[in-house]
Amino acid sequence: MPFEPLDQYVQRQKKLEEIRALGVDPFPHRFPCSHTVPEIHERYGSRSATELEAEPVAVRIAGRILSLRLHGKAGFAHLSGQGERLQVYVKLDAVGERGFALFRLLDLGDIIGVSGHLFRTRTGELTVWVEALTLLTKALLPLPEKWHGLADVDQRYRRRYLDLIVSERSRGIFLRRAQILRSLRRFFDERGYVEVETPMMHPILGGATARPFVTHHNTLDMDLYLRIAPELYLKRLVVGGFNRVYEVNRNFRNEGIDAIHQPEFTMLEFYQAYSDYTELMDLTEQLFRALVQEACGTLRITYGDREIDFASPFARLTMRQGIVAYWPEQAGPVPTEQALKAPGGPLEAALRYNAWARAHDRPLVEEAETASPPSDGELTGALFEAIAEPHLFQPTYIYDFPVEISPLAKRRADDPSITERFELFVAGMELANGFSELNDPEDQERRFRAQVEKGGEEMPKVVDMDYIRALSHGLPPTAGEGIGIDRLVMLLTDSHAIREVILFPLLRPEAGEKPADNAPPDEGSLEKEREV
RNA sequence: AGGGGCGUAGCUCAGCGGUAGAGCAGCGGCCUUUUAAGCCGAAGGUCGUGGGUUCGAUCCCCACCGCCCCUACCA
């Protein structure tokens, strides 16, 4: 079935027939190469024209045609291979009548193989003097416009394959993403962590506060949630004696889409027995330094128009200290930590802040959308997010979270209203969230029940009693943490939208694209197709 | 969801009450070291969709659709 742009598709089909008429197979099977394009640049990039003439280097390479300049009885093209370009020179005298006839039928986007030797053109560019030309794949659709590239951002995500062909930056982001994940796995593997895979389809919602996607299993006739977090399964593994585990995989949350949120996002979670959150803060600093250094080659990286310093120790503030430190002075006297700790203190501060914020069109401290009025803990969290979070550009730990917003974290021994929990903020983004895990099964069950009672779409409907049972068998003192990988990659690639670092982000279906046109098979044949 | 912006040739854009323009891509021709190759020629458009105002709308008005940005919720 032809695709738009139709005239070009039809034109290329015509050329395809002319190529076949020449006796050339436009989709042949294999083409062994002597070098990759990067290898050629690496090995021969410094050879001079005279050196290449004196000692000819035979090469056989393949790639996609990214530029094409015909000059009558000769022509130049740039081939792209492994993200790098190499020019080739095709001359009637060198490739013969049939070879040149084929060359004249090539288009931008076609994939070819050439064999010949290296030389330098008059302008000094390293080039392959082509002696034989092989068409490897005819492209029936054109590449994006040659110097604007794919300017429509939406098209860059929908047609990611084109984006990757023409945008070195985009290609680089995903190569770096892969490299970051390798570094990350190495970091944990070296420290004795076991990488595991836990279910992505959960019968019971849990491990985070978020609105889920719901799906259905036919044979078992049961609804399942796409997981919002792997947390409860990973801790079951710690109960099972896997003292150090980690998982890197997708979470699914049925919530908004914006510059830093996608419904499907990648999360690292790791758990470590016999530790607490202070140890994780230290470990996380080491991890970030290792990842930043390996990805960027420096500990002072540029993000937008600012520098982020990963070399210095990360700032550490309690949540209450954060509110105090960034309290806008125009909103009245700065509340003290003591005042925020006292019953009703957060409410008093929130009312004062809201009065000022409303008058100045600034973010309000929102009241939680639940039946009961917000608790002091919830208000403390809301105050922090409104007041301090946007300011946290340099790596900063915020720790000691209220128990009401930390249902899985262990309370502090000296203050049961707060938990041993921290979050790491960089560039105004929440990147990591860790805590000493609550391992008292009775306290955990009470907190789960409170959540269920509280209600709301993002709350579990039932208590995960098997998890409580697992805790009842004894979870050693354990610290655990989650790190948002997409945001981490954003940071380390100077990307400012999460869609830049996800290969195929979720988008609204393209306008005018009718799913019905793709002839959905009826249910019976669909079933059959899946039985493999 | 609310506020702002955008939508004209395949792509990037100009035009703005009098009936459509450029560059690039594509097509034909010339060109055996070019590189945003060049030169000549022809082709390409329901000006996002629907309504309204007007003698006349791509242009003004209204609605809708799509995309982007900001604000609110979530990592």
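Below, chain A is the first sequence line, B the second, and so on; all start at residue 1.
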Quick one: label A:Lys14 by what it contacts on the DNA or RNA (base, sugar-phosphate, nothing), any heavy atom closer than 4.0 Å.
-> nothing
Quickly work out the A:Glu389 CD to B:C73 C1' distance and round it to whole Å.
-> 12 Å
Can you name the residues that form a side chain to side chain donor-acceptor pair (under 3.5 Å) with A:Asp7, not counting sequence neighbours?
-> none
Rounded interatomic separation in angstrom, taking CZ from A:Arg156 and P from B:C68 | 12 Å
For B:C74 versus B:G5, give the span between their C1' atoms, rounded off to a whole number of Å.
-> 26 Å
So, is A:Arg499 near the phosphate of B:C68, with a side-chain N or O under 4.0 Å from OP1 or OP2?
-> yes
Looking only at B:C27, B:U32, B:U33, the nucleotide nearest the A:Gln11 side chain is B:C27
Could you work out the separation of B:A20 and B:G28 based on their P atoms and round it to a whole Å?
-> 28 Å
Shortest non-hydrogen contact from A:Ile180 toward A:Ala295 | CG1-CB, 4.0 Å
Picking from B:U34, B:U33, B:U32, which would you name as closest to the side chain of A:Leu92?
-> B:U32
Base of B:U19 relative to its sugar, syn (within 90° of 0) or anti?
-> syn
Along nucleotides 7-13 of chain B, 5' to 3', which nucleotides get a B, which get an S, and which get a -, given that the test is a protein heavy-atom distance under 4.0 Å?
-> ---SBS-
Residue A:Thr127, side-chain atoms from C-beta onward, closest of B:C27, B:U33, B:U34 = B:U34
d(CD, A:Glu385; P, B:A72) in whole Å = 11 Å
Remember a base hit wins even if backbone is also touched, and classify A:Glu264 as base, sugar-phosphate or nothing at under 4.0 Å, heavy atoms.
-> nothing
Which nucleotide, B:C74, B:C27, B:U32, lies nearest any side-chain atom of A:Glu255?
-> B:C74
Where do A:Arg352 and A:Ala331 come nearest, in terms of heavy atoms and distance?
-> NH1-O, 3.5 Å
P atoms of B:G18 and B:G2, separation to the nearest Å | 36 Å
Measure from CD1 on A:Ile228 to P on B:C74 and round the result to the nearest Å.
-> 13 Å
Residue set satisfying side chain to side chain donor-acceptor pair (under 3.5 Å) with A:Ser495, at least two apart, ordered chain then number -> A:Arg169, A:Thr493
Does any N or O donor sit under 3.5 Å from an N or O acceptor when you compare the side chain of A:Gln87 with the base of B:U34?
-> yes
In whole angstrom, give me the gap between the P atoms of B:G45 and B:G51.
-> 22 Å
Contacts of A:Arg64 that satisfy side chain to side chain contact (heavy atoms under 4.5 Å, CB included) - sequence neighbours left out | A:Leu66, A:Ile111, A:Leu143, A:Ile165
Using whole Å, report how far CD of A:Glu18 lies from C1' of B:G28.
-> 13 Å
So what does A:Asn254 hit on the nucleic acid, given a heavy-atom distance under 4.0 Å: a base, only sugar-phosphate, or nothing?
-> nothing
Give, ordered by number, those residues of residues 69-80 of chain A having at least one heavy-atom distance below 4.0 Å to an atom of RNA chain B; if nothing qualifies, reply none.
-> A:Arg69, A:Leu70, A:His71, A:Gly72, A:Lys73, A:Ala74, A:Phe76, A:His78
Residue set satisfying side chain to side chain contact (heavy atoms under 4.5 Å, CB included) with A:Ser406, at least two apart, ordered chain then number -> A:Phe401, A:Ala409, A:Thr419, A:Arg421
Would you mind classifying the nucleic acid contact of A:Glu423 as base, sugar-phosphate or nothing, using non-hydrogen atoms under 4.0 angstrom?
-> nothing
Is there a side-chain contact between A:Leu118 and A:Val128 (heavy atoms, below 4.5 Å)?
-> yes
Among all residues two or more places apart in sequence or in another chain, which pass the side chain to side chain contact (heavy atoms under 4.5 Å, CB included) test with A:Ser183?
-> A:Gln179, A:Arg186, A:Leu291, A:Glu294
Confirm from the modelled atom types if A:Asp258 and B:C73 form a donor-acceptor pair under 3.5 Å, side chain to base only.
-> yes
Among B:U32, B:U34, B:C74, the one nearest any side-chain atom of A:Ala210 is B:C74
For the rings on A:Phe425 and A:Phe384, is their centre-to-centre separation under 6.0 Å?
-> yes
Would you please name every residue forming a side chain to side chain contact (heavy atoms under 4.5 Å, CB included) with A:Arg104, sequence neighbours left out?
-> A:Leu70, A:Phe100
Nearest-angstrom distance, P atom, B:G56 to B:G52 | 12 Å
A:Arg158 has a side chain; which of B:C27, B:U33, B:C67 sits nearest to it?
-> B:C67
RNA chain B stem ranges, 3 or more consecutive Watson-Crick or G-U pairs under 3.5 angstrom = B:1-7 with B:65-71, B:10-13 with B:21-24, B:27-30 with B:38-41, B:48-52 with B:60-64
Determine the Euclidean distance between corresponding C1' atoms of B:C60 and B:U54; express it in Å to zero decimal places.
-> 10 Å
How close do A:Ala229 and A:Ala208 get, heavy atom to heavy atom, and via which atoms?
-> CB-CB, 4.0 Å
Separation of B:C70 P from A:His496 NE2 (nearest whole Å) = 12 Å
P atoms of B:A37 and B:C68, separation to the nearest Å | 31 Å
Assign A:Ile260 to base, sugar-phosphate, or nothing according to its heavy-atom contacts below 4.0 angstrom with the strands shown.
-> base
Side chain to side chain donor-acceptor pair (under 3.5 Å) against A:Arg20, all qualifying residues, sequence neighbours excluded | A:Glu17
Going by the side-chain hydrogen bond (donor to acceptor under 3.5 Å, both in side chains) test, which pairs reach into residues 65-76 of chain A, not counting sequence neighbours?
-> A:Ser67-A:Arg69, A:Ser67-A:His78, A:Arg69-A:Gln87
For A:Phe103 and B:U32, give me the distance from atom CZ to atom P, rounded to whole Å.
-> 13 Å
Set of salt bridge (charged side-chain N to carboxylate O under 4.0 Å, His left out) partners for A:Arg98, sequence neighbours left out | none
Taking the C1' atom of each, how far is B:G38 from B:U33, in whole Å?
-> 14 Å
d(CD1, A:Ile257; P, B:A72) in whole Å | 18 Å
